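Protein chains get the first letters and strands the later ones, always in sequence-line order, with residue 1 at the start of each. On a predicted model such as this, the values are computed, not experimentally measured, just so you know.
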Number of protein chains: 2
Amino acid sequence: MVLSERKKKILAAVVDEYVRTAEPVGSKAIAQSAGLGCSSATIRNELAELVSLGYLEQPHTSAGRVPTPMGYRMYVNELMQKQKLSLEETEELNRRMNQRLRELDDTIDSVSRLASQLTDYPALALTTRTAVTIKRFDIIYVDANTFILVVMLSDNTVKNKLVRLPVSVDQRLVQRLSALFNSGFTGITDDQITPLLINSTERAADDTMGITSVIAAFAIEVLSDAGTPTSFVSGENRLLSQPEFRDPDKAHRLMGYLSGGGYLLPPDQTPTGAGEIKVLIGPENVAEELKDSSVVIATYDAGDNTKGMIGVVGPTRMDYSTVAAKLSILAAGLSRRLGSGDAPPEGLHNKLIVKGDKHE
Amino acid sequence: MVLSERKKKILAAVVDEYVRTAEPVGSKAIAQSAGLGCSSATIRNELAELVSLGYLEQPHTSAGRVPTPMGYRMYVNELMQKQKLSLEETEELNRRMNQRLRELDDTIDSVSRLASQLTDYPALALTTRTAVTIKRFDIIYVDANTFILVVMLSDNTVKNKLVRLPVSVDQRLVQRLSALFNSGFTGITDDQITPLLINSTERAADDTMGITSVIAAFAIEVLSDAGTPTSFVSGENRLLSQPEFRDPDKAHRLMGYLSGGGYLLPPDQTPTGAGEIKVLIGPENVAEELKDSSVVIATYDAGDNTKGMIGVVGPTRMDYSTVAAKLSILAAGLSRRLGSGDAPPEGLHNKLIVKGDKHE
DNA sequence: GTTGGCACTCTCGTCTTTCGAGTGCTAATA
DNA sequence: TATTAGCACTCGAAAGACGAGAGTGCCAAC
């Protein structure tokens, strides 16, 4: 059944009001706020119907109405859109965010921190990388017992490791190894680094000291690390400012889930198109701990096989429209900044595009 | 005034019991638990004196007694020690911790996470570095528009950055710059990198494209980053399992302070001797937000000018003896593992001592 | 100095009452 | 037929009443 225009307006008003006040909203309040010229009695009739349709519910008789997950869903899918256009005032927020993005490095923790600050909800950022390979392999000889491994990956991040040996190593051996790794270990994924490959490299380098396997172990570690999704939560404490989490046990459960690396999306629902916004309302979540919370997720594109997600968690009574708008602006900003890293947009000096490990 | 032996025993019993139950403890409970053969009436007299001496207080008449900060202080300074020896049962915990330490990388966030897990309180880890210098400077030429900066610092960590230029750079220029930076920029601190030094390097390298300043900016950034104390909080949510933080507002305030990078120690009280344990009880804290919480801090030595601190935050009713014991074991383990990085203790292969950036 | 006894105090949980917001229904109205 | 005003009704939240119980302080006896 399709809702009448008036029912839609009323439903939207209930959601808006409830999001604002966190209190069940009564017919009288709607009669005033939503600008449709009818009395509270009419509204009451409509509300009763919305309840029986499943969009609203009342905590108990003689209380106002509260949206059901289905009501929120309707709001997010159809009603909110109309407001979204009026969100162009957030342009100035956009500007503020861009300013922040400039100071921001591309590590996942600062992304999540920023998202949490902007939305005032706990935020979780994560990246999913696929099929990262080594683009370049360098070994810097420091002294006879020490060298530095430097690896540049296909996503243009650079990893390094300092290796110290209890034995002395010939500088020429290091050079041979460097050349061999650069030819043999580039362009392959971690599961292609087989004992066979390592052995043949060892022989080719004439390495009698087992250094090859140390370096290979590093290569495997870096590749598998880079292929593993990482996540970072921040702003858990903001949960506590929400009235629905005044119960410390409830808050504790959810926060525990979040900081335990709990995922926001079911594994199969990996992020798809960049720029897409996904909303999961209450029971739509698979994780038991999220069943009475909502999640808004934005996807951004961080270039070469790397997709990022920024998710925000809050009560089902969440300011979906604002959060979605903010997240999509943020995701767009991140895509712009991280994604097309190949076209340096600005002048020289420290406006150069630089990428690399965060400096701790 | 010095406390009688019996008063000390009673005070210790009150603290122990209160730590365990979080409820004001009455005379009767003590008469039973503490094995001193006297009746509750006697205890009551003693308790009354302890109150007037300032070691205990009662929330209201007809309630049991609760330790004051002064009472906790006495407990921590004198009474707890005697128990500490009996803590040798924690040997097996020690073993467990060592096992964890082996898998642990040396980044501050995993240290804090581990501390929080072990103690079940929120934990904050931070490092204070002083006077870090560059030990070695390498520039890896990738292609005409791209090179990688690799810097090895005096604390044996390695940092890197990928630089992409909108213009082509001659490989020989890169080599010249590498040599110049290696001679001119090593062994100095960030404030010694002056415009003068940069200019002379630029001229010496015959760099007409301003690349020198980009590299110098990286050097400054790395050095100042490394010199800046970093902190990392984890396990904030564990706060919520403490009865004294059932008030969401109170919990929110403290968690906000912690995740806002609030420091646990007053700036002048920087960590001194490694292995030292510091306890700050309630109002002894300077930060307003910590005034009714307690903090236990252990210092560890991470080698070359790098000191680390692990702090744990909880209610004044904190299990000081256990927390202190656990933290000191943890700190000792960290010092052992991170500190003397110059004597590779074990065999070859992947038991080599390796240090470096965490791989994201 | 210690102990048993006892009256006293104060909190906590339970129960009751009151208050008011909001409803559903009905009858009147456009 | 849709809307509205009116009104009795419901139910939860806040406020008070009250008994139970834990613990104290004090006193007199040991």
Side-chain angles (χ1 to χ4, degrees), chain A residues 1 3-11 13-18 20-68 71 243-244 246-247, chain B residues 1 3-11 13-18 20-68 71 243-244 246-247:
Chain A
M1 173 200 176
L3 293 182
S4 74
E5 209 52 37
R6 190 168 68 185
K7 280 203 180 58
K8 285 185 182 175
K9 267 194 176 166
I10 292 178
L11 178 52
V14 171
V15 174
D16 285 334
E17 190 68 8
Y18 185 59
R20 207 172 54 81
T21 64
E23 306 262 308
V25 4
S27 54
K28 201 163 182 179
I30 296 178
Q32 291 170 349
S33 77
L36 22 96
C38 58
S39 78
S40 64
T42 312
I43 307 274
R44 272 205 291 284
N45 291 331
E46 297 280 56
L47 286 177
E49 282 187 65
L50 282 169
V51 167
S52 69
L53 287 171
Y55 293 105
L56 296 177
E57 64 186 350
Q58 27 191 352
H60 46 265
T61 355
S62 90
R65 304 311 206 287
V66 164
T68 60
E244 22 271 288
R246 293 202 72 77
D247 173 14
Chain B
M1 171 199 177
L3 292 183
S4 74
E5 208 52 38
R6 190 168 68 183
K7 280 204 180 56
K8 284 184 181 176
K9 266 194 176 166
I10 292 178
L11 177 53
V14 172
V15 173
D16 285 334
E17 189 68 7
Y18 185 60
R20 207 172 55 79
T21 64
E23 305 262 308
V25 3
S27 54
K28 200 163 184 182
I30 295 179
Q32 290 170 349
S33 77
L36 23 97
C38 58
S39 78
S40 64
T42 313
I43 307 276
R44 273 206 289 284
N45 291 332
E46 297 281 55
L47 286 178
E49 282 188 64
L50 283 169
V51 167
S52 69
L53 287 171
Y55 292 106
L56 297 177
E57 65 186 349
Q58 29 191 350
H60 46 265
T61 357
S62 90
R65 304 309 207 285
V66 163
T68 60
E244 21 273 288
R246 293 202 71 77
D247 174 13

For A:Ser39, side chain to side chain contact (heavy atoms under 4.5 Å, CB included) partners two or more places apart: A:Ala41, A:Thr42

Apply side chain to side chain contact (heavy atoms under 4.5 Å, CB included) to A:Glu5 and list each qualifying residue two or more places apart in sequence or on a separate chain. A:Lys8, A:Lys82

For B:Ala29, which residues count as a side chain to side chain contact (heavy atoms under 4.5 Å, CB included) partner, sequence neighbours excluded? none

Do nucleotides 1-7 of chain C as a string where each nucleotide becomes B, S or -: B if the base has a protein heavy atom under 4.0 Å, S if just the sugar-phosphate does, - if no protein is that close. -SBBB--

Residues in salt bridge (Lys or Arg N to Asp or Glu O under 4.0 Å) with B:Glu23, at least two apart? none

Which residues pass the side-chain hydrogen bond (donor to acceptor under 3.5 Å, both in side chains) test with B:Glu57, not counting sequence neighbours? none

Among residues two or more places apart or on two chains, list those pairs meeting side chain to side chain donor-acceptor pair (under 3.5 Å) that have a residue in residues 59-68 of chain B. none

Tightest non-hydrogen contact, residues A:Gly71 and A:Leu11, listed as O-CD2, 4.3 Å

Contacting residues from residues 57-68 of chain B, given that a heavy atom lies under 4.0 angstrom of DNA chain D: B:Gln58, B:Ser62, B:Ala63, B:Gly64, B:Arg65

By side chain to side chain contact (heavy atoms under 4.5 Å, CB included), B:Arg20 pairs with (sequence neighbours left out) B:Glu17

Which salt bridge (Lys or Arg N to Asp or Glu O under 4.0 Å) pairs, counting each pair once, include a residue from residues 37-47 of chain B, with sequence neighbours left out? B:Arg6-B:Glu46, B:Lys7-B:Glu46

Treat a base pair as Watson-Crick or G-U wobble with both distances under 3.5 Å, then lay out DNA chain D in dot-bracket form, 5' to 3', with | for cross-strand pairs. ||||||||||||||||||||||||||||||

5' to 3' contact window, DNA chain D with chain B (heavy-atom distance under 4.0 Å): D:dG23 to D:dC26

